[in-house]
Amino acid sequence: MLKTFSTILDTQLFKNTIVGVILLNAAILGLMTIPGLDPSMLALLDWLDHACLVVFCIELSMKLAVLRLGFFRDGWNIFDFVVVGIALAPASGPLSVLRAMRVLRLMRLVSAFPSMRRVIAGMFGSIPGVASVAGILLVIFYVAAIMAIGFFREIDPEKFGGLGPTFFTLFQLMTTEGWPTIARAMMEKMPHAWLFFIPFIVMTTFTTLNLVFGIVVTAMEEAKEEEAREDMAAQGIVISDESNEVRLAVIENQVKDAARELESLQKSLDRLLEKQSIARLKLESAEK
Amino acid sequence: MFATILSLPENRYFQYTIIGVILLNAVILGLLTVDGLNPTTVSLLTTLDEICLGVFCVELGLKLIGQRLRFFRDGWNVFDFVVVAVALAPATGPLSVLRALRVFRLMRLVDSVPSMRRVMNGMFAAIPGTASVAGVLAVMFYVAGIMATNFFGKVDPDNFGHLGVSFFTLFQFLTMEGWPDVARPIIEKMPYAWMFFIPFILVTTLTTLNLLFGIIVDAMENAKEEEAREDLAEQGIEAPEESNELRLAVIEQEVRKIREKIASIAAQVEKA
């Protein structure tokens with residue numbers, strides 16, 4: 001029984017069917033947003049939506065039955081589970097926000113295609129590398145917020161009243177959207193206010209760009225490396241997990257060692273040849 | 001005993017404690033921004049803030065005594081010193097702006113966490129390489145500032161009345177934020193004014209992008225290299241300072257030499 005489940009789960013036909021159901025579900029949820037649908041149509045769409053949900057539930061139960069607790073070891077499985085689970089939760093009272101969240105189910109399209117999965121995995125993989133840049137941005141924001149409250153609270157309590165509104169205003173400044181309006185208003189009362197605004201804008205746009213670049217470049221490199229690794233694995237070449245820097249240094253050392261070994265090999269060969277020629281000379285003289 | 005005390009700043013737990021104090025200080029300064037706190041809370045928070053400041057002073061004092069003048073050779077030490085000293089300066093009269101600057105103390109978090117410090121070091125190391133691009137941008141700004149003040153000073157004194165205001169407006173142009181609102185009224189009076197605005201925006205945004213990309217790419221490479229060097233040092237492998245390109249070329253040459261050597265040895269063996 002479990003074996004048939006796992007063979008069914010692995011067939012391409014089954015996978016394609018699931019993708020088809022996700023797409024169908026997307027179309028249904030899209031149609032339901034049209035205002036003024038007649039009730040019978042709405043009921044039909046609702047029924048179809050439930051049918052899709054049932055298909056997902058069956059698929060996930062089969063996976064759960066086959067993999068048992070191993071199911072939860074893969075982040076993508078957890079994602080599928082949560083996203084389908086949300087649709088099953090009662091969507092009334094304080095939980096009514098969950099009804100809107102059931103659209104998240106369509107994100108399963110990403111987890112259904114390996115190439116899309118790789119892109120997302122690359123992005124997640126770049127997070128540790130850029131965490132320090134994000135940390136710097138956070139420190140800059142916090143320091144700037146406290147300073148801005150001290151400077152501008154009296155002038156414009158709506159924008160710089162407390163930490164919350166100030167963070168929002170600073171985020172607006174970082175996107176450079178409408179910053180001259182804010183800055184000019186402050187400069188009317190405090191002529192030197194530009195000393196705060198311009199460095200803040202320069203520093204944060206700079207750091208943000210750095211952050212975005214870091215994520216994009218690392219994600220691209222990671223996806224490329226992953227692909228290269230798969231290629232290599234297909235050709236039967238094992239490659240190490242080390243960074244290129246480390247691998248370069250290791251190669252350097254190995255080449256140096258090889259050169260040294262070759263040198264000693266040459267020396268012992270010379271010695272051997274010398275011995276051989278001496279032996280031959282002795283043999284020749286003995287023959288004489 | 002004295003030596004142990006002086007070596008405290010090198011101790012990992014001592015460093016963690018300092019990071020903890022910086023975070024605590026951040027929370028305190030955040031709480032102090034809350035409107036309408038009652039006076040006892042304010043005085044309590046102020047006392048706590050002063051205690052944090054005391055801890056920083058002790059830490060820097062230990063470092064100063066331990067390293068003497070070498071202390072000032074590291075840029076980060078100078079930064080820490082200035083930022084803590086600002087808080088100690090009297091914050092009255094014309095110096096009252098220093099009171100607001102004491103928040104800079106929280107920036108110490110950046111140099112206390114090694115990975116953040118590495119990112120910042122990478123950025124600073126990238127600056128000399130892009131200084132020429134920054135110079136180009138500065139010259140453009142100055143020339144454009146004088147031109148704009150001469151052209152538009154009478155038409156729109158609010159935005160181009162004198163050099164300072166012009167620089168601010170030009171910076172606004174650089175960020176492309178609301179530039180048509182400034183440019184259109186002027187173009188109404190001077191139809192050819194677009195011949196100044198549009199080239200300025202095109203040229204400066206391009207130069208800025210050049211500058212930003214240069215610094216960021218360089219900084220990322222620097223940070224990566226430094227990280228790799230630390231990794232290698234941990235594994236006990238020595239890494240030369242040369243660029244990767246050069247090292248690859250050297251390796252290729254070495255491998256070629258080795259192969260020649262192998263061929264010559266093989267020939268000798270063959271002959272024997």
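In what follows, every chain begins at residue 1, and chains take the letters A, B, ... in the order their sequences are listed.
- Neither the backbone nor the side chain of B:Thr208 has a heavy atom closer than 4.5 Å to any heavy atom of chain A.
- The two atoms that bring A:Val255 and B:Ile251 nearest to each other are CG2-CG2, 4.0 Å, heavy atoms only.
- Side-chain contact between B:Gln268 and A:Gln266 is present, with heavy atoms from C-beta onward closer than 4.5 Å.
- Ranked by heavy-atom pairs under 4.5 Å with chain A, the list B:Ala26, B:Gly178, B:Gly164 is led by B:Ala26.
- Atom CD1 of A:Ile182 is separated from atom CD of B:Glu177 by 9.5 Å, given to the nearest 0.5 angstrom.
- In this structure, the side chains of B:Leu106 and A:Ile146 come closer than 4.5 Å at one or more pairs of heavy atoms.
- Contacts of A:Ile136 with chain B are made by both backbone and side-chain atoms, with heavy-atom separations under 4.5 Å.
- With sequence neighbours excluded, the residues satisfying side chain to side chain donor-acceptor pair (under 3.5 Å) with B:Arg102 are B:Asp49.
- Looking at A:Glu263 and B:Lys261, a side-chain N of the basic residue comes within less than 4.0 Å of a carboxylate O on the acidic one, giving a salt bridge.
- Between B:Val103 and A:Tyr142 the shortest side-chain heavy-atom distance does not fall below 4.5 Å.
- For A:Phe151, the part sitting under 4.5 Å from any heavy atom of chain B is the side chain, from C-beta outward, and nothing else.
- Within the 4.5 Å cutoff, no side-chain heavy atoms of A:Val143 are placed close to those of B:Arg105.
- Contact of B:Met123 with chain A is made through the side chain alone, with heavy-atom distances under 4.5 Å.
- Nearest heavy-atom pair across B:Ile258 and A:Ala259 is CD1-N, 3.8 Å.
- In this structure, the portion of B:Leu109 lying under 4.5 Å from any heavy atom of chain A is its side chain and not its backbone.
- Annotation: maximal heavy-atom pairing with chain A below 4.5 Å, among B:Val119, B:Val255, B:Ile262, B:Asp35, occurs at B:Asp35.
- Between atom CD1 of residue A:Ile201 and atom OG1 of residue B:Thr175 there is a gap of 6.5 Å, rounded to the nearest 0.5 Å.
- Nearest heavy-atom pair across B:Thr169 and A:Arg184 is OG1-NH2, 3.8 Å.
- The structure places CG of A:Leu209 at 4.5 Å from CD1 of B:Ile216, a figure rounded to the nearest 0.5 Å.
- The closest side-chain heavy-atom distance from B:Phe171 to A:Trp179 is below 4.5 Å.
- Note on B:Val217, B:Asn159, B:Leu248: by heavy-atom pairs under 4.5 Å with chain A, the leading option is B:Asn159.
- Contacts between A:Leu269 and chain B at a heavy-atom distance below 4.5 Å involve the side chain alone, from C-beta outward.
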